[in-house]
Each structure stands twice: as C-alpha cells, then as structure tokens.
A.B. asks: 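Next up is a structure, given as structure tokens.
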Amino acid sequence: MLIRLIVPGERARVEDLNASLDTVLARHGVAEGIRADVRLIVEELASNAIDYGAAELPVGQHELSVNIAIQGDLLTLDFRDTGAPFDPLSADDPDLDADIDERPLGGLGLYLIRQLAEDIRYQRDGDDNRLTVTLRIPTPETAP
Amino acid sequence: MSLDIHVAPPGGPQQRVTLHGRLDTHSFARLDEALAPILSAPAPPQALVLDLGGLEYISSAGIRSIFKARKALAPHGGKLLVVNPQPQIQKVFDLVKAVPLGDIFASAAEADAYLDAMQRKVLRGEDDDEN
C-alpha cells in the first residue's frame with residue numbers, strides 16, 4: 001500500500017485529500033496524466049458520497065478514506081465512506097448523444113470515472129460504502 | 001491552487017473570459033457568479049469565448065457550469081467557444097462530448113477568425129434581405 005488517508009466528509013476537506021494524494025503519487029513518479037485522473041476520480045466519488053451518503057448521519061460522523069496501491073502497471077484506488085448504503089454504479093449512464101442543449105446535467109461524474117477506469121466495483125463492507133477503482137498506468141515504450 | 005477568473009471589458013459582440021487554475025466542485029460557483037451578469041444581460045454576447053490556456057483541471061462540476069452557460073446563450077443565438085484547452089481539459093471534454101469539436105480552437109486568433117467570418121456572414125445575410 002502506498003498511502004491511506006482519512007478525512008471528514010466535508011467538501012472543504014476533499015481538496016486537502018487530493019493535495020496529499022497528489023504529493024505522494026508525484027513522489028512515486030506517477031505521471032501527471034494519471035495524477036489528474038486520480039484527482040478527478042476522488043473528487044467525483046467524494047462529491048457523490050457527501051451529496052448522497054451523509055444526509056442521515058450526525059454532523060462529524062461522515063468520513064471518507066482513500067487507499068492507493070500500485071502493483072506493476074495497475075493503480076488501485078480503494079475509496080470508502082461511512083454514509084448510508086449507496087451504490088453509484090446503479091445509476092444509468094447519461095445520454096451523451098442527446099442534443100447538447102437538452103442534455104441533463106447529472107450523472108457526468110460517474111460516467112467520467114467509468115471511462116477513465118480499467119475496472120470499478122462497489123460493495124457494502126460493514127458500515128462502509130466501498131468502491132474499488134483500478135487504473136492502468138501507461139508504461140513508457142522504452143521500459144524493458 | 002484555486003480558480004482565477006478574468007472577465008475582459010465588455011464591448012463588441014464577443015465576451016472573453018480567461019480562466020486559470022482549477023474549475024471543480026470548489027470553484028464552479030464562482031464561475032457561475034462571474035458569468036451570471038453576462039448571461040442575463042438584456043443583450044447577451046453573440047459569442048462567449050472561454051480562454052482555457054491557463055486552466056489545468058476540470059471536473060464534472062466545471063463541465064456543468066459550461067453546459068449551463070451554453071444553455072443560457074442558446075435562446076439568443078449566442079455561442080460558447082473554447083480556446084486552447086490543455087490536455088486534461090480536452091480529454092474530459094472528449095469523454096463527455098462537452099463542447100462540439102467545431103467550437104474548440106487552438107488559439108485566440110483562430111477563434112477571432114472564426115467569429116469574424118461568422119459576423120461577415122451575418123452582415124451579408126442582412127444585406128441580402130434588404131436587396
């Protein structure tokens with residue numbers, strides 16, 4: 001495991017979370033493009049968790065946690081939140097081919113994650129919503 | 001880094017807005033606020049040109065702000081053009097088809113040339129009507 005971070009489920013803390021992740025990933029030589037994907041995925045998952053999962057919890061009881069591990073050319077991001085059970089993967093994809101001015105504004109975040117990720121799974125794990133997102137790290141062509 | 005928004009002085013049929021930093025769940029509301037007076041003006045611009053050369057990151061919250069601006073301009077026949085999107089921005093735009101490819105320009109000069117051509121076409125159209 002590369003890093004494990006836990007923050008309160010508050011919008012203001014999501015930026016702290018991403019700043020820390022970015023620093024650690026940069027230190028491990030993860031390319032900027034992948035770091036941007038990680039930032040986007042964490043932001044979208046955290047926004048979803050805060051919007052949908054935290055409503056019925058007492059203030060201060062909602063937590064977000066992120067574990068990141070890298071093995072070979074796969075980066076695995078394990079995102080958990082302590083909110084009410086919510087499976088974001090149950091939502092339908094937005095209709096991207098609808099007229100651009102008629103398109104609904106929702107559902108874009110999760111759609112983006114699905115496009116960026118090699119794999120994404122949801123499970124309810126005890127009191128946590130757990131999303132496991134796998135990203136493929138492009139290897140330089142010069143690598144052995 | 002947060003978001004810097006520079007709204008060029010209004011004048012002429014196009015309004016230029018330059019963004020630096022990150023357009024995300026923390027900053028999109030500030031862009032919405034900055035664009036509100038432009039979009040709700042009695043005569044909104046024919047073209048809202050978003051210069052994204054200094055924007056390094058966008059998330060779905062930022063995409064929604066851009067969609068909202070486009071929707072507000074459409075009833076007046078206004079267009080939203082994007083200039084110089086950086087790789088992460090272009091990638092996200094491509095994935096969600098956020099901006100039609102024809103409305104994305106590599107430089108401000110290209111967008112200006114496009115707008116000039118559009119303007120000439122409009123003027124020619126009006127002349128034709130009078131004749």
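Lettering of chains follows the sequences in order, A, B, ..., and the numbering in each one begins at 1.
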A.B. asks: Consider only side-chain heavy atoms of I, L, V, M, F, W and Y, link residues closer than 4.5 Å, and tell whether A/V24 and A/I6 are in one cluster.
C.D. replies: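 No; tracing contacts between hydrophobic side chains, which count when under 4.5 Å, never links both residues.
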
A.B. asks: Take atom CG in A/D87; do more than 12 heavy atoms of anything else shown fall under 6.0 Å from it?
C.D. replies: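 Yes - once you tally the heavy atoms of other residues, nucleotides and ligands closer than 6.0 Å, there are more than 12.
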
A.B. asks: Counting only N and O atoms by type, is there a donor-acceptor contact under 3.5 Å from the side chain of A/E43 to the main-chain atoms of B/S59?
C.D. replies: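 Side chain of A/E43 to backbone of B/S59: no pair is present.
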
A.B. asks: Nearest 0.5 angstrom please: A/L110 CG to B/S60 OG, how far?
C.D. replies: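 That separation rounds to 9.5 Å.
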
A.B. asks: Report the distance from atom CG of A/L40 to atom CD of B/Q88, rounding to the nearest 0.5 Å.
C.D. replies: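 It comes to 6.0 Å.
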
A.B. asks: Could you see if A/V66 belongs to whatever hydrophobic cluster contains A/F86? Use Ile, Leu, Val, Met, Phe, Trp, Tyr and a side-chain cutoff under 4.5 Å.
C.D. replies: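 The answer is no; the residues belong to distinct hydrophobic clusters.
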
A.B. asks: Rounded to the nearest 0.5 Å, what's the gap from CD on A/E44 to OG1 on B/T25? Could you check?
C.D. replies: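 Going from CD on A/E44 over to OG1 on B/T25, the span is 8.5 Å.
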
A.B. asks: For the CG atom of A/D22 and the OH atom of B/Y57, what is their distance to the nearest 0.5 Å?
C.D. replies: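 Atom-to-atom, A/D22:CG and B/Y57:OH are 10.5 Å apart.
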
A.B. asks: Please check if B/I63 and B/L39 belong to a single hydrophobic cluster, counting links between Ile, Leu, Val, Met, Phe, Trp and Tyr side chain heavy atoms closer than 4.5 Å.
C.D. replies: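 Same hydrophobic cluster.
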
A.B. asks: Does A/Q123 CD have over 12 foreign heavy atoms under 6.0 Å away?
C.D. replies: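 It does: A/Q123 CD has more than 12 such atoms within range.
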
A.B. asks: I'd like to verify something: which residue of A/Q115, A/E32, A/R11 has the highest number of heavy-atom pairs under 4.5 Å with chain B?
C.D. replies: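 Result: the option with the highest number of such pairs is A/R11.
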
A.B. asks: Looking at A/Y52, I want to see if its OH is surrounded by more than 12 non-hydrogen atoms of other residues, nucleotides or ligands under 6.0 Å.
C.D. replies: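 At most 12 heavy atoms, drawn from other residues, nucleotides or ligands, come within 6.0 Å of this atom.
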
A.B. asks: Give, for atom NZ of B/K97 and atom CG of A/L108, the distance between the pair rounded to the nearest 0.5 Å.
C.D. replies: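 CG of A/L108 is found 12.5 Å from NZ of B/K97.
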
A.B. asks: Mind listing the closest non-hydrogen atom pair of A/Y111 and B/V96 along with its distance?
C.D. replies: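 Nearest heavy atoms, A/Y111 then B/V96: CD2-CG1, 3.9 Å.
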
A.B. asks: Flag yes if B/V83 and B/V99 sit in one hydrophobic cluster, no otherwise; membership is Ile, Leu, Val, Met, Phe, Trp, Tyr, and two members link when side-chain heavy atoms are under 4.5 Å apart.
C.D. replies: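 Each belongs to a different hydrophobic cluster.
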
A.B. asks: Check the pair A/D37, B/K91 against side-chain contact (heavy atoms from CB on, under 4.5 Å), reporting the backbone distance first and the verdict last.
C.D. replies: CA-CA 10 Å; A/D37 290 353; B/K91 179 172 163 183; 2.9 Å; yes

